[in-house]
Amino acid sequence: MTDEKFQGGMAEKPSPPFQLVTLKKRADFKAAANGPRFSTPGFTMLRGPEAGAVPPATGLRFGFTVTKKVGNAVERNRIRRRLREAVRAAADRFPRHPMDLVILARRTAIERDFPDLVADIARAVDALARRGAHKSRSSAAGEVSEN
RNA sequence: CCAGUCGGCCGGGCGGCCGCGAGGCUUUUUCAAGGCUUCGAGGAAAGUCCGGGCUCCAUGGAGAGACGGUGGCGGCUAACGGCCGCCGGGGGCGACCCCAGGGAAAGUGCCACAGAAAAGAUACCGCCGGGCAUCGCCCGGUAAGGGUGAAAAGGUGCGGCAAGAGCGCACCGCGUCGCUGGCAACAGUGAUGGCAGGGCAAACCCCGCCGGGAGCAAGACCGAAUAGGGAUGGCGCGCGCCGCAAGGCGCAGGAGGCUCCGCUCCAGCCGUCCGGGUUGGUUGCAGGAGGCUCGGCGCAAGCCGGGUCCCAGAUGAAUGGCCGCCACGUUCCGCCGCGAGGCGGGGCCAUACAGAACCCGGCUUACAGGCCGACUGGAUAU
RNA sequence: GGGGGCGUAGCCAAGUGGUUAAGGCCGGCUGCUCAUAACAGUCUUAUCGGGGGUUCGAGUCCCUCCGCCCCUA
C-alpha cells in the first residue's frame with residue numbers, strides 16, 4: 001500500500017514526495033547513541049532501532065544533532081538546513097528499510113559541496129541499512145519479524 | 001581637492017525549480033490529505049549591564065536596620081545608571097571631544113621609597129645674630145635659597161628686616177559676608193579676613209535619592225496514569241512551677257521568599273471534599289509606552305492632535321537548498337595612455353557582524369561595503 | 001531562560017594599593033654514580049585573560065569585553 005502511494009507520486013512529479021519526519025524526543029536520540037555508526041567528512045550517522053508507531057512512507061526517520069561546539073547560532077542553523085535538504089535530495093536512493101537515523105553534524109558540513117553531501121547521505125543510509133539488517137538477523141529477531 | 005569633526009541612514013536587487021512554518025478560504029463521505037492565497041528575523045534579533053509592562057508569592061510597623069545601586073543643575077520619560085539643554089573642570093589651531101562632577105573645618109584610616117619634615121609641623125645643607133675661639137663648636141632667630149618627592153603648609157612683585165617671614169602693600173588664588181543676574185548649578189562684583197583648610201571617599205564612612213521577592217521553564221486550564229499530597233470543619237495542644245479543682249504564671253519548637261519587633265498559622269484524632277510530582281496538550285502569545293505620514297508647540301530630548309496600516313510567532317525549535325542575470329566591492333592578467341585613469345577577460349563557495357523564543361525603552365559590544373547632511377582647518381580657482 | 005564562580009610561568013597555585021610578583025612540580029646545567037634514579041647545589045620560564053578609568057603608583061579598586069566551569073529543568 002505504501003509502495004503504491006510512493007510509485008504514484010513518482011509518476012506525477014520528477015522527484016518523489018518524500019516527507020521528512022524528524023526525531024523530537026530525547027529518548028529517540030539516546031536509543032541511537034550506541035548503535036552502529038558511519039562517518040563521512042561532513043557528519044557521522046548513527047543508526048537507532050526500527051521506526052516508531054506511525055512510520056512515514058519510506059519508514060525512515062531522521063534526527064539532527066548540531067552541538068554548540070560546531071559554531072554560533074547562524075552556522076548551526078545553516079548546517080542543519082543543508083543537511084536536511086541533502087536528505088531530501090537523496091530520498092529517491094534510500095532503501096525501503098524502516099529505522100531511525102541520527103545525523104551528528106561536523107563543522108565541515110558548512111563548507112562541503114552540496115552534491116558530495118547528498119552522495120554521503122545516500123552512502124551512509126545504504127551502509128547502515130545493510131549493517132543493521134545483518135545485525136538484527138543474528139541478535140534481535142523480534143525487530144525483523146515485526147516487519 | 002586634501003585632512004578631519006559631528007549627526008542620520010542603508011546594509012544587496014530581480015527571476016527560475018524544489019521545499020519549510022503559521023493564518024484564511026476551499027475540495028473529498030469520515031479519519032486524514034490535497035488545492036488556492038496572504039504573511040514569515042535584526043540593526044544589532046547578540047551580551048544580559050540597567051529600567052518597565054505582565055504573572056505569582058508576601059503586604060501589619062506608609063517601621064527600624066542591613067544590603068545593593070546611584071550622585072553638578074534643570075528638563076524629557078511609564079521608568080532608568082538613558083536622552084536633551086545648561087553650568088563647572090580638562091584636551092584640541094578649530095569644528096568638537098572627555099569627566100562616578102555631593103561632602104576632606106563629623107570622625108577613622110592611608111600617603112611606600114626618598115626626604116629634616118607627609119600634616120595638632122619640622123630644620124639636613126644654608127642664611128643671620130650672639131658667645132667661646134685654631135680648624136671649628138655651642139646657643140638663639142629664620143624658612144627666602146639648595147636638595148628629596150607625585151605632593152612641602154598660598155603664588156608673583158615691591159617694600160621691609162640682622163637675616164627673614166602675609167610682617168606690610170598691589171595683583172592673582174582661597175575663605176567669610178553682602179549685592180546683581182539666573183528656576184538652579186553657577187557667574188559677575190564689592191567689602192572683609194590675613195593664610196588658616198595638602199591629597200585620596202572607583203579607602204571605611206557621612207548626606208540626599210531609589211530598590212519587597214521571584215520570574216513566561218511566571219501563571220491558568222485540560223487529558224492520561226499513579227496514590228506518599230492538599231483544602232476545609234469539629235475536638236485537642238509541648239515542658240516546668242503553683243493549685244484539691246477550674247485555672248494562672250513562665251519557657252520553648254517549626255512556617256510565613258534578607259534580619260528584627262509585632263502579628264498570624266501549624267503539630268494529634270475524626271468527618272467531608274479535591275487530586276500533587278512526572279509526561280503530553282491548550283492558553284499566556286502579539287493591537288503594542290506599535291509603525292508610517294501630516295500639522296502644531298518646544299533650542300532640543302520630546303509632547304499634543306489628525307490620517308493610515310496590521311507588520312514573525314517556532315517549541316529537537318519554521319523563515320531554506322540549488323541555480324541564472326545585474327549592481328557594488330576586491331584582486332590578477334593583457335592592451336591603450338607620460339600620468340590620473342580607461343577597455344576587455346578571469347578568480348574571490350563573490351558579501352561583514354550575525355538568527356526572534358513573553359513583550360517594550362535604553363546601554364554596551366561586533367560589523368565587508370556604501371549613501372546623505374551640517375561643520376572645521378588647509379590648498380587651488382573665481 | 002535564570003543564578004553563581006573562576007582566569008597569575010608548561011602544570012598546581014600564594015599574593016593587606018607600594019621595591020625587580022612568593023612557593024611547589026616540570027625543565028636546563030653541575031656534583032655524586034660505571035650508568036640511571038634518588039639526593040645536593042644552581043639557573044631559566046609571567047602581555048598577572050584583553051581594553052579603558054581612578055590614583056603619585058593597580059595583579060589588587062571601578063567600568064567594559066573575552067574565555068572557561070558549575071547549579072537550576
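In what follows, every chain begins at residue 1, and chains take the letters A, B, ... in the order their sequences are listed.
When both pairing distances are held under 3.5 Å, B:C56 makes a Watson-Crick or G-U pair with B:G213. Nucleotide B:U364 has B:A46 as its partner under the Watson-Crick or G-U criteria, with both atom distances under 3.5 Å. In this structure, B:G329 and B:C348 make a Watson-Crick or G-U wobble pair, each of the two defining distances being under 3.5 angstrom. Here B:U192 sits opposite B:G175 as a Watson-Crick or G-U wobble pair (both hydrogen-bonding atom distances under 3.5 Å). Here B:G129 sits opposite B:C139 as a Watson-Crick or G-U wobble pair (both hydrogen-bonding atom distances under 3.5 Å). When Watson-Crick and G-U wobble pairs are counted only if both distances are under 3.5 Å, B:G298 pairs with no nucleotide at all. With a 3.5 Å ceiling on both atom-pair distances, the Watson-Crick or G-U wobble partner of B:A187 is B:U180. Pairing for B:A203 goes to B:U108, judged as Watson-Crick or G-U wobble with the two contacts each under 3.5 Å.
A gap of 15 Å separates the C1' atoms of B:A112 and B:C200, to the nearest Å. Between B:G19 and B:C323, the distance separating the two C1' atoms is 15 Å to the nearest Å. Between B:C358 and B:G284, the two C1' atoms lie 8 Å apart (nearest whole Å). Nucleotides B:G248 and B:G257 are separated by 33 Å at their P atoms, to the nearest Å. If you take atom P in B:C332 and the same atom in B:U380, they sit 36 Å apart, rounded to whole Å. Atom C1' of B:G212 sits at a distance of 30 Å from the matching atom of B:A286, rounded to the whole Å. Going from the C1' atom of B:G321 to that of B:U28 covers 33 Å, rounded to whole Å. For B:C363 and B:C86, the C1' atoms lie 24 Å apart once the distance is rounded to whole Å.
A:Arg82 comes within 4.0 angstrom of the backbone, heavy atoms only, and of no base. In this structure, A:Asn72 reaches the sugar-phosphate backbone alone: every heavy-atom distance under 4.0 Å involves primed, P, OP1 or OP2 atoms, never a base.
Taking atom CZ of A:Phe62 as the reference point, atom P of B:A317 lies 14 Å away to the nearest angstrom. In this structure, the CZ atom of A:Arg76 is 17 Å from the C1' atom of B:U319, given to the nearest Å. In this structure, A:Asn77 places its CG atom 14 Å from C1' of B:U315, rounding to the nearest Å. Protein atom CD1 of A:Ile110 is 12 Å distant from nucleotide atom C1' of B:A354, rounded to whole Å. Counting to the nearest Å, the P atom of B:A352 and the CD atom of A:Glu75 are 11 Å from each other. Computed from coordinates, the A:Arg81 CZ to B:A317 P distance equals 11 Å when rounded to whole Å. Atom P of nucleotide B:G321 and atom CG of A:Asp116 are separated by 17 Å, given to the nearest angstrom. Atom pair A:Arg112:CZ and B:C349:C1' shows a separation of 14 Å (rounding to whole Å applied).
A:Phe43 places none of its side-chain heavy atoms less than 4.5 Å from the side chain of A:Leu104.
With its glycosidic angle more than 90° from 0, B:G361 adopts the anti conformation. Because its glycosidic torsion is more than 90° from 0, B:C216 is reported here as anti. Base orientation of C:A38: anti (glycosidic angle beyond 90° from 0). Glycosidic conformation of B:G188 is anti; the angle lies outside 90° of 0.
A:Thr22 has a side-chain polar atom (N or O) that falls below the 4.0 Å cut-off from OP1 or OP2 of B:A317. Within the 4.0 Å cut-off from OP1 or OP2 of B:A318, at least one side-chain nitrogen or oxygen of A:Arg80 is found. The side chain of A:Arg88 contributes no N or O atom lying less than 4.0 Å from OP1 or OP2 of B:C322.
When every heavy atom of A:Thr40 is checked against every heavy atom of A:Arg106, the shortest pair comes out as O-NH1, 3.1 Å.
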Q: Please step through side chain to side chain contact (heavy atoms under 4.5 Å, CB included) for the pair A:Phe62 and A:Val125, ending with a clear verdict.
A: CA-CA 10 Å; A:Phe62 287 89; A:Val125 170; 4.2 Å; yes
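One finds the OG1 atom of A:Thr65 at 12.5 Å from the CD1 atom of A:Ile79 (value rounded to the nearest 0.5 Å). Distance check, rounded to the nearest 0.5 Å: CG of A:Asp100 to CZ of A:Arg47 gives 9.0 Å.
Where A:Arg84 and A:Gly63 meet RNA chain B, the nucleotide closest to each residue was compared, and A:Gly63 sits on the side nearer the 5' end.
Salt-bridge formation is detected for the pair A:Arg88/A:Glu85: a Lys NZ or Arg NE/NH1/NH2 atom is positioned less than 4.0 Å from an Asp or Glu carboxylate oxygen.
For A:Arg123, the salt bridge (charged side-chain N to carboxylate O under 4.0 Å, His left out) partners are A:Asp120, not counting sequence neighbours.
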